[in-house]
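See below for the structure under consideration.
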Protein chains: 2
Amino acid sequence: MATQRRRNGKANPAEDEAVYQAILHALLEGKLKAGTKLAEPPLADIFGVSRERIRKVLHRLGAERRLEMIPNRGARVPRPTLDDVRSVYEAHRVLEAGVLTQLVRHVDDALIEKLTAHLTEERAAATRGDRAASVRLSGAFHVHLVEALGNAELSRFLADLLSRSSVMVSVYEPATDSICAVDEHGAIVEALRARDVARAIAVSREHFLHVESRLHLDDAVPASEDLTAVFGAVKPKRRKGR
Amino acid sequence: MATQRRRNGKANPAEDEAVYQAILHALLEGKLKAGTKLAEPPLADIFGVSRERIRKVLHRLGAERRLEMIPNRGARVPRPTLDDVRSVYEAHRVLEAGVLTQLVRHVDDALIEKLTAHLTEERAAATRGDRAASVRLSGAFHVHLVEALGNAELSRFLADLLSRSSVMVSVYEPATDSICAVDEHGAIVEALRARDVARAIAVSREHFLHVESRLHLDDAVPASEDLTAVFGAVKPKRRKGR
DNA sequence: GTTTATAAAAATGTGCACATTTGGCATGGC
DNA sequence: GCCATGCCAAATGTGCACATTTTTATAAAC
């Protein structure tokens with residue numbers, strides 16, 4: 001039975017990954033607000049694993065720059081400055097310019113068809129007012145663009161940027177009425193179909209500046225505190241009073 | 001006296017970093033050949049620190065994708081395939097295309113002057129036949145380009161790519177007579193001065209393809225084994241027989 | 001009432017002992 | 001002679017106890 005607790009110094013490789021995924025998921029989902037302290041003892045208690053296990057995961061997330069590790073002071077969810085956000089958006093913009101430049105050399109009907117299908121999905125979500133789907137699909141569009149190049153390095157870099165901005169939206173007005181305009185995505189596809197690099201880049205640039213302009217600093221940071229509530233919802237794992 | 005060994009469970013924050021830097025340096029310098037196994041006990045012995053210390057550093061390097069970590073089987077220097085190398089070069093190419101696109105919007109005399117000065121340095125190194133300096137300056141040129149944008153995310157990504165390719169050159173013919181043509185760098189600067197994006201990108205692209213074409217797979221991988229020799233040369237730290 | 005100093009409590013960092021797993025090697029069978 | 005099997009040594013993974021540092025709470029002084 002898998003629910004059985006390991007006895008002593010028994011190996012359980014899947015447990016590391018489970019904890020890692022749980023925290024990462026909460027981070028990407030925006031459940032962990034910026035500035036939240038992630039202490040080891042409570043987490044060990046919540047997940048029902050040893051403190052060393054938690055410790056390892058936390059340091060790994062720190063190495064990936066998803067958590068801010070301060071020596072002797074533990075892990076915190078980073079609180080990005082407005083400059084940080086701009087930096088990420090600019091990087092995304094610059095990267096996509098390069099991607100589009102390379103992409104026009106390889107456009108074929110299959111790619112255009114795939115992107116068009118995606119646009120259809122996006123429009124459908126927009127017309128039926130599905131916020132969540134719209135946001136998700138909007139990000140997926142840019143992922144499709146990089147993945148069309150089939151380059152693992154570039155895909156990973158974009159994933160990095162997206163994960164970072166997902167943390168940021170929880171601080172800098174995540175969702176107003178700004179459903180990342182589908183028409184702008186459509187214009188990019190159009191430019192690609194015409195093999196017009198300059199226009200594709202120009203449209204993409206405008207698109208990003210458009211999204212970026214909607215950001216505004218929100219001083220009153222929530223900074224969630226009840227970790228049990230956050231992870232309890234994600235993983236209903238039983239905890240022990242020790 | 002700093003050479004004193006810590007007594008028991010004493011904190012020594014600088015030691016982690018020292019070991020990390022030593023291994024990273026050896027990796028970037030190409031002293032650690034691809035496929036080399038990095039076992040914990042020998043390293044702990046060489047650096048004179050506890051095994052846990054080594055362990056932490058190794059896992060950190062693994063999280064940064066600089067080492068290949070296999071569960072229960074330790075750490076190895078990754079042995080990149082030819083596709084991996086092409087992927088890195090392509091990513092660098094694509095990234096620089098984006099950088100150049102963004103850069104032409106911000107070119108000023110100061111930047112041109114700075115790059116020109118760098119070219120002078122490169123030519124000087126080339127004419128006096130200084131291989132090491134040439135290679136180093138050649139890479140630095142591309143670093144200068146990204147850093148001109150002042151974007152931390154992009155700079156870090158480039159650093160990532162460069163560190164990865166530095167490991168690769170030890171497998172795929174690191175240095176023949178291919179001193180990354182200075183003239184091609186000069187052509188990029190020229191195009192920048194003229195605000196000609198298309199030409200800058202085209203030249204850059206040709207430049208990378210040129211470098212990439214020099215690669216060839218070398219099956220007879222050396223796979224260095226004597227860790228004491230590798231790190232003994234870098235860090236003459238005394239080791240203890242335990 | 002605000003601030004500073006001190007002590008207690010909690011949290012982080014580290015070495016160590018031991019469990020588990022892997023790799024090599026010898027022995028035996030075909 | 002070659003391959004399979006079991007044993008032994010070495011390496012990796014993990015919990016635990018304890019040292020160190022940080023944080024909080026309390027009290028004293030201005």
Side-chain angles (χ1 to χ4, degrees), chain A residues 2 4-20 23 35-63 67-78 223 225-228 231 239-242, chain B residues 2 4-20 23 35-63 67-78 223 225-228 231 239-242:
Chain A
Q4 183 71 24
R5 180 79 95 275
R6 72 253 158 278
R7 284 68 92 192
N8 201 341
K10 190 67 70 59
N12 200 339
E15 230 169 41
D16 279 69
E17 195 62 18
V19 175
Y20 173 80
I23 298 182
T36 305
K37 169 79 181 293
L38 291 181
E40 298 169 6
L43 289 175
D45 191 33
I46 290 175
F47 289 105
V49 300
S50 74
R51 190 167 69 88
E52 324 297 312
R53 204 67 74 99
I54 297 291
R55 183 178 185 72
K56 198 167 78 172
V57 171
L58 253 40
H59 278 270
R60 176 176 166 196
L61 287 166
L67 289 181
E68 188 179 359
M69 302 296 297
I70 307 175
N72 291 323
R73 299 189 46 181
R76 305 189 81 92
V77 179
E225 289 305 328
D226 191 358
L227 294 179
T228 312
F231 291 110
R239 58 206 161 94
K240 199 168 70 177
R242 168 69 53 160
Chain B
Q4 185 71 24
R5 181 76 95 272
R6 70 254 161 277
R7 285 67 91 193
N8 201 341
K10 190 65 71 58
N12 200 340
E15 230 169 41
D16 278 70
E17 196 63 18
V19 175
Y20 173 79
I23 298 182
T36 305
K37 169 79 180 293
L38 291 180
E40 298 170 7
L43 289 175
D45 191 33
I46 290 175
F47 288 105
V49 301
S50 75
R51 190 167 70 87
E52 323 300 313
R53 204 66 75 100
I54 297 291
R55 183 177 185 71
K56 199 167 78 172
V57 171
L58 252 40
H59 278 270
R60 176 176 166 196
L61 287 166
L67 289 181
E68 190 179 357
M69 302 296 298
I70 307 175
N72 290 323
R73 299 191 44 184
R76 307 189 80 92
V77 179
E225 289 304 329
D226 190 359
L227 293 180
T228 312
F231 291 111
R239 57 207 161 93
K240 198 168 72 177
R242 167 67 54 160

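Chain A is the first sequence line, chain B the second, and so forth, proteins listed ahead of strands; every chain is numbered from 1. Because the structure is a prediction, the values reported are computed rather than measured.
- Figure legend: B:R60 and B:Y20 shown as a cation-pi pair, the cationic atom lying under 6.0 angstrom from the six-membered ring centre and within 45 degrees of its axis.
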Intermediate values then yes/no, side chain to side chain contact (heavy atoms under 4.5 Å, CB included), A:L43 and A:V57: CA-CA 11 Å; A:L43 289 175; A:V57 171; over 6 Å; no
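- Annotation: side chain of A:L58 is in contact with side chain of A:I23 (closest heavy-atom distance under 4.5 Å).
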Mind listing the N/O atom pairs, protein and nucleotides 8-12 of chain D, below 3.5 Å?
{"from": "D:dT12", "atom 1": "OP2", "to": "B:E40", "atom 2": "N", "distance (Å)": "3.2"}

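- Rounded to whole angstrom, the span from the CD atom of A:E52 across to the P atom of C:dA19 amounts to 17 Å.
- Rounded to whole Å, atom C1' of C:dA11 lies 12 Å from atom CG of A:L43.
- One finds a side-chain N or O of B:K56 lying less than 4.0 angstrom from the OP1 or OP2 phosphate oxygen of C:dT14.
- Using modelled atom types, one side-chain atom of B:R76 and one backbone atom of B:G35 make a donor-acceptor pair closer than 3.5 Å.
- Note on A:S50: every side-chain N or O is 4.0 Å or more away from OP1 and OP2 of D:dT14.
- Distance, B:I54 CD1 to C:dG15 P: 11 Å, rounded to whole Å.
- Contacts of A:R73 classified as side-chain hydrogen bond (donor to acceptor under 3.5 Å, both in side chains), with partners at least two apart in sequence or in another chain: none.
- When all heavy atoms are compared, the tightest approach of A:M69 to A:A75 is SD-CB, 3.4 Å.
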